[in-house]
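Atoms within each ligand, like the ligands themselves, are counted from 1 in listed order.
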Amino acid sequence: MIRFNENNEILQEDEYRAILVGIALDEDISHSMDELEGLAEAAGVTVIGQMVQARQRPEKATCIGRGKLEELAELCGSMEADTVIFNDELSGVQMRNLEEALNVRVIDRTILILDIFAGRATSREGKLQVELAQLQYRMPRLTGFGRSLSRLGGGIGTRGPGEKKLETDRRHIAGRIDDIRAELKRLASTRALQREERIRSGIPVVALMGYTNAGKSALMNRILEETAGDEVTEMKTVASKDMLFATLDPQHRKISPAGGTDFILIDTVGFVSKLPHGLVEAFKSTLEEVRDADLLLHVVDTSYEQRDFQIEVAQRVMDEICGTRPEEIMVYNKMDLTEERPLDASGHDALFVSAKTGRNVDELLRRIDRVLTGGLVSAAFLVPYDKGAVTSALCAGGQVESMDYTETGTVLRGRFRREDLGRYRAYLTEETAGPGEGQETQTR
Ligand SMILES: Nc1nc2c(ncn2[C@@H]2O[C@H](COP(=O)(O)OP(=O)(O)OP(=O)(O)O)[C@@H](O)[C@H]2O)c(=O)[nH]1
Ligand SMILES: [Mg+2]
């Protein structure tokens with residue numbers, strides 16, 4: 001497998017020459033195949049060919065059909081490929097069958113993504129999150145795993161030591177999964193505390209979100225620079241690099257725009273299509289930071305031809321992690337690279353900027369400020385009868401839509417000031433939607 005050293009450089013023990021294989025179930029998968037090529041390259045693999053088969057559904061034993069498999073075996077031979085990368089997740093059995101038939105290393109998109117993540121993770125939490133996703137991927141595939149991931153090769157029907165070894169491995173992995181989960185839980189509770197503190201402080205949170213390499217980190221640095229004057233230090237800036245998944249661990253920075261409301265800006269992991277479910281699961285606490293933000297800046301690489309595909313990918317990941325979506329501004333970044341100003345179909349506020357030149361970043365800050373100060377937030381409070389002052393304060397600052405007198409106190413529903421949500425957090429009820437819900441929408 002592809003391995004990285006401590007500096008995230010790929011260990012070039014072997015040259016990998018790979019053929020990519022995709023299954024098209026009634027759809028055009030060309031974008032997805034291009035993306036797979038990008039992922040392969042990010043992992044240091046040279047892509048020498050591509051093969052797509054249109055099928056109703058993947059073949060159970062080998063993913064692709066028999067004829068296509070023979071064709072692929074021939075192609076591997078004639079092109080001297082040593083690796084085949086499937087665009088979809090393979091089962092352990094499929095992987096083993098394919099390796100037997102093709103006589104090359106067989107991997108899938110998930111392993112590729114997990115490997116890139118493993119090479120990029122630097123914090124303890126990040127490393128544990130990736131390891132958890134890797135183990136969860138490996139667990140159900142222990143039997144019949146191909147040569148890529150284990151040399152067990154025992155498989156179904158093998159008796160004796162092979163099976164015993166498998167059982168020990170399985171138990172070992174299950175134990176490790178439990179340990180990691182426990183530690184992640186501890187780390188997540190620290191994070192939750194910090195988040196609570198931020199909410200209590202009443203400082204709104206703005207999260208950068210979008211496809212990997214769109215320029216989220218670069219934009220964070222530019223915003224820091226524009227708002228901090230001379231104070232911006234090396235310490236404050238975040239790493240921004242021309243590579244997939246440069247950022248894994250969330251970074252928080254306080255932004256104090258001149259004449260505007262202070263806010264916390266969060267930079268976090270970028271998205272890619274078919275982000276492995278285990279990875280989304282493992283990165284849950286990281287992604288929750290995006291979900292719970294007051295405002296999302298959806299950063300798009302305007303210069304990239306397939307930006308619509310990338311926007312859709314990001315929206316899909318957000319749908320997976322969010323019940324109620326925070327308000328969003330579409331930030332079309334890298335405007336310095338293209339004359340094109342594509343029409344935005346998302347229905348959100350949209351703006352063209354360049355993190356590189358700083359163009360329109362001042363306008364972006366103004367829009368952020370408008371959203372953060374302008375809107376009231378939908379919420380519901382249950383205030384005990386002996387806290388009349390709280391009820392009065394909520395009524396004074398917000399727009400109360402209904403008041404119900406229950407056994408335990410007054411239930412107030414309506415739209416309230418953000419500061420009041422922080423200040424009277426103890427009285428918020430569960431029916432309160434995400435912090436972004438109900439804000440006034442901005443028009444272009
Ligand atoms: N020309 C140009 N390049 C940009 C701009 N913004 C970012 N870049 C470049 O795009 C690349 C990716 O930028 P990052 O800030 O690392 O992107 P990201 O969205 O944080 O990426 P991940 O953390 O990998 O998800 C870097 O090489 C940046 O220098 C821009 O406005 N114009
Ligand atoms: Mg980044």
Atom 31 (O) of ligand 1: nearest protein contact (heavy atom, Å): Ala355 N, 2.9 Å
N or O pair under 3.5 Å between Leu244 and ligand 1: no
Asp267 N/O to ligand 1 N/O under 3.5 Å: no
Worked check of salt bridge (Lys or Arg N to Asp or Glu O under 4.0 Å) between Glu59 and Arg55: CA-CA 9 Å; Glu59 180 74 34; Arg55 280 185 76 85; 3.0 Å; yes
Salt-bridge contact Arg124-Glu183 (side-chain N to carboxylate O under 4.0 Å): yes
Within-4.5 Å side-chain heavy-atom neighbours: Ile85 and Asp108: no
Electrostatic pair Arg96-Glu99, nearest N-O below 4.0 angstrom: no
Check: Leu337 N/O within less than 3.5 Å of ligand 1 N/O: no
Where ligand 1 meets Ser217 - atom numbers and elements under 4.0 angstrom, heavy-atom basis: 15 (O), 18 (P), 20 (O)
Sub-4.0 Å atoms of ligand 1 with respect to non-hydrogen atoms of Gly270: 25 (O)
Other residues, nucleotides, ligands: >12 heavy atoms within 6.0 Å of Glu363 CD: yes
Close N or O approach (Val353, ligand 1; < 3.5 Å): no
Short N-O contact, Asp267 and Arg253, less than 4.0 angstrom: no
Metal proximity, Asn213 vs the Mg ion (ligand 2), N/O/S cut-off 2.8 Å: no
For the student: nearest non-hydrogen atoms of Asn333 and Gly215, plus distance: ND2-CA, 3.6 Å
Asp242 and ligand 1 - part of the residue with a heavy-atom distance under 4.0 Å: both
Test item, Met335 contacting ligand 1 (heavy atom, 4.0 angstrom): no
Check: Asn213 N/O within less than 3.5 Å of ligand 1 N/O: yes
Top protein contact for atom 24 (O) of ligand 1, by heavy-atom distance: Ala246 N, 2.7 Å
Heavy atom of the protein closest to atom 28 (C) of ligand 1 (residue, atom name, distance): Ser240 OG, 3.9 Å
Side-chain donor or acceptor of Asp344 paired with backbone N/O of Ala350 under 3.5 Å: no
Nearest neighbour in protein (non-hydrogen) for atom 3 (N) of ligand 1: Lys334 CD, 4.0 Å
Mode of Lys216 contact toward ligand 1 - side chain, backbone, both, neither (heavy atoms, under 4.0 Å): both
Nearest neighbour in protein (non-hydrogen) for atom 17 (O) of ligand 1: Gly215 N, 3.1 Å
Six-ring centre of Tyr137, Arg141 cation under 6.0 angstrom, axis tolerance 45°: yes
Nearest non-hydrogen protein atom, atom 7 (C) of ligand 1: Ala218 CB, 3.5 Å
N or O contact, Ala239 vs ligand 1, cut-off under 3.5 Å: no
Cation-aromatic face contact Arg109/Phe86, 6.0 Å, 45 degrees: no
Glu100 side chain vs Asn97 backbone, donor-acceptor pair below 3.5 Å: no
Element-labelled atoms of ligand 1 that are located less than 4.0 Å from some non-hydrogen atom of Ser354: 31 (O)
Nitrogen or oxygen atoms of Met243 and ligand 1 under 3.5 Å apart: yes
Pairing of Arg191 and Glu125 as salt bridge, 4.0 angstrom limit: yes
Protein heavy atom at shortest distance from atom 6 (N) of ligand 1: Asn333 ND2, 3.1 Å
Expected output: side-chain Arg367 to main-chain Leu351 donor-acceptor under 3.5 Å: no
Met220 near the Mg ion (ligand 2): N/O/S under 2.8 Å: no
Proximity of Asp336 to ligand 1 by residue part, where a heavy atom lies under 4.0 Å: side chain
Worked check of ring-ring contact (aromatic ring centres under 6.0 Å, His included) between Phe245 and Phe117: CA-CA 7 Å; Phe245 307 119; Phe117 268 62; 4.5 Å; yes
Which of the ligand 1 atoms, numbered from 1, are nearer than 4.0 Å to a heavy atom of Thr212: 22 (P), 24 (O), 25 (O)
Phe245: numbered ligand 1 atoms lying under 4.0 Å from its heavy atoms: 24 (O)
Thr247 contact mode with ligand 1 (heavy-atom cut-off under 4.0 Å): both
Shortest protein heavy-atom distance from atom 16 (O) of ligand 1, along with the residue and atom involved: Lys241 N, 2.9 Å
Stepwise salt bridge (Lys or Arg N to Asp or Glu O under 4.0 Å) test for Arg307 and Glu340: CA-CA 12 Å; Arg307 61 188 166 245; Glu340 262 187 277; 3.0 Å; yes
N/O donor-acceptor pair under 3.5 Å between Ser78 side chain and Leu75 backbone: yes
